[in-house]
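Order of the sequence lines fixes the chain letters, A, B, ..., with proteins taken first and strands second; residue numbering starts at 1 for each chain. Please read all numbers here as calculations on a predicted model, not as lab measurements. Values reported hereafter were calculated over all heavy atoms of this structure, with side chains retained and with hydrogens, waters and symmetry mates removed.
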Amino acid sequence: MPSFQSLSPNVEPPRSEAELLQRALSLAGRSFAEIAQQHQTGIPQHLRKQKGWGGMLMELCLGASAGSKPEQDFPHLGVELKTIPISTKGRALESTYVAITPLLELKGIDWQHSNVRLKLAKVLWVPIIAERGIPVAERVISTPFLWSPSPAQEAMLQKDWEDHMELISLGKIDTITAHQGEILQIRPKAANSKVRTQATGPNGQIIATLPRGFYLRSRFTSGLLADHFGLN
DNA sequence: CACTGATCATGT
DNA sequence: ACATGATCAGTG
C-alpha cells in the first residue's frame, strides 16, 4: 500500500464522523516529518516559538475549517479536534486548553450553554508522542480516538465550571489560581502577563485583569488515554 | 514528575 | 483586543 497518496494537500472537510475518524486513524504511526512533507510545509526545530504548529498541521490533514472562529473545528459534525502531547508510556505531558474564560456579561451563561461544554461535547483526540527530547520531525502520531464526556465526567466538569464562574460573578477573578478545580482549572491565556481585559471587581466595578482560559488537567486527560487504550 | 504562571504565532 | 492553535520554563 503506497503511503504517498493516502493524504493530499487541501483536504476537503470530512462528510461524516466515520470519515473523520478514518482519516485520523490513517495518521497513526506516522511522523511529523512525513506528514509535513506531504503538505509541503516546513518543520520547526522546536515549538518554543510555534506552539500551535502540531495542531495546525492536524487541522490541515483532517480538513478542519481554518481560521480562529469561536466554534468547533468540525461544526457540521459537532466535533472538536485536540492534539495531546504524550509520553512513550501514554501519559499526557501537558494540560489541554479548552476555551477562553468569560469574565463579563455572565448573566445569560449557564453550564448547558457554556463554551466549555460545547467544545468538549465531542472531541477527536490526536495523541502525539512528544517528549521534549524527541525532535519535532521525529514525533509520531499515536492512535486518535473520539470521546464524549460520560455522565460522571460531565458532572465533574460542570461542578468545576460552576465553582469557577460563581467566583468570577462575585468579582473574585483575581483570587482564582490554577490550584482550583478538580479537573478543570483556570490559567492565564495571553501573549504575556501585561495583557489586560475587563472583568468585574470585588465591589461590582469594572477592573482590568489578565485574560484567562479553561484547561483540562493532565491527570484527567491521562485518564482518558488510559480508558481508551485499556491501560488501567 | 506534576504543577503553575508565562509565553508565542497567526488571523479577524 | 480577542480567539484560534498550544508549549515553555521554573519550582517543589
*asked:* Over all strands shown, is Gln180(A) touching base, sugar-phosphate only, or nothing at heavy-atom distances under 4.0 angstrom?
replied: nothing

*Return yes if a side-chain donor-acceptor contact under 3.5 Å exists between Gln158(A) and Glu162(A), otherwise no.*
yes

*Any idea how Phe32(A) and Trp53(A) line up, ring-wise: parallel (<30°), tilted (30 to 60°), or perpendicular (>60°)?*
perpendicular

*Taking atom types as modelled, is there a side-chain donor on Trp147(A) or Gln153(A) under 3.5 Å from an acceptor on the other?*
yes

*For Leu93(A) and for Asn192(A), find the nucleotide of DNA chain B with the closest heavy atom, then tell me which residue's nucleotide is more 5'.*
Leu93(A)

*Measure from CZ on Arg196(A) to P on dC2(C) and round the result to the nearest Å.*
12 Å

*Hey, can you pull the residues of residues 166-178 of chain A with a non-hydrogen atom under 4.0 angstrom from DNA chain C?*
none

*asked:* Test of understanding: with salt bridge (Lys or Arg N to Asp or Glu O under 4.0 Å), list the residues that count as partners of Lys189(A), not counting sequence neighbours.
replied: none

*Leu184(A) has an atom CG; how far is it from atom C1' of dT4(B), in whole Å?*
15 Å

*Is the shortest side-chain N/O distance from Arg219(A) to OP1 or OP2 of dC1(B) below 4.0 Å?*
no

_Please list, in numerical order, the residues of residues 156-164 of chain A that have a heavy atom closer than 4.0 Å to any atom of DNA chain C._
none

*Base versus backbone protein contacts along nucleotides 7-12 of chain C [heavy-atom cut-off under 4.0 Å; B, S, -]*: BBB---

_Distance below 4.0 Å between Arg212(A) side-chain N/O and dG5(B) OP1 or OP2_ = no

*asked:* Categorize Lys119(A) for me: base, sugar-phosphate, or nothing, with a 4.0 angstrom heavy-atom threshold over every strand shown.
replied: sugar-phosphate

_Just to be sure I understand the rule, does Asp73(A) reach a base, reach only the sugar-phosphate, or reach nothing, if contact means heavy atoms closer than 4.0 Å?_
sugar-phosphate

*For the side chain of Lys189(A) and the base of dG5(C), is some donor closer than 3.5 Å to an acceptor across the two?*
yes

*Spatial distance of atom OG (Ser142(A)) from atom CD1 (Ile86(A)) [nearest 0.5 Å]*: 4.5 Å

_Under the ring-ring contact (aromatic ring centres under 6.0 Å, His included) test, residues paired with Phe74(A) that sit two or more places apart_ = none

*Within this structure, what is the CG-to-C1' distance between Leu57(A) and dA9(B), rounded to whole angstrom?*
15 Å

_Under the rule for salt bridge (Lys or Arg N to Asp or Glu O under 4.0 Å), what residues qualify as partners of Lys172(A), not counting sequence neighbours?_
none

*Does a side-chain N or O from His179(A) land closer than 4.0 Å to OP1 or OP2 of dT4(B), or not?*
yes

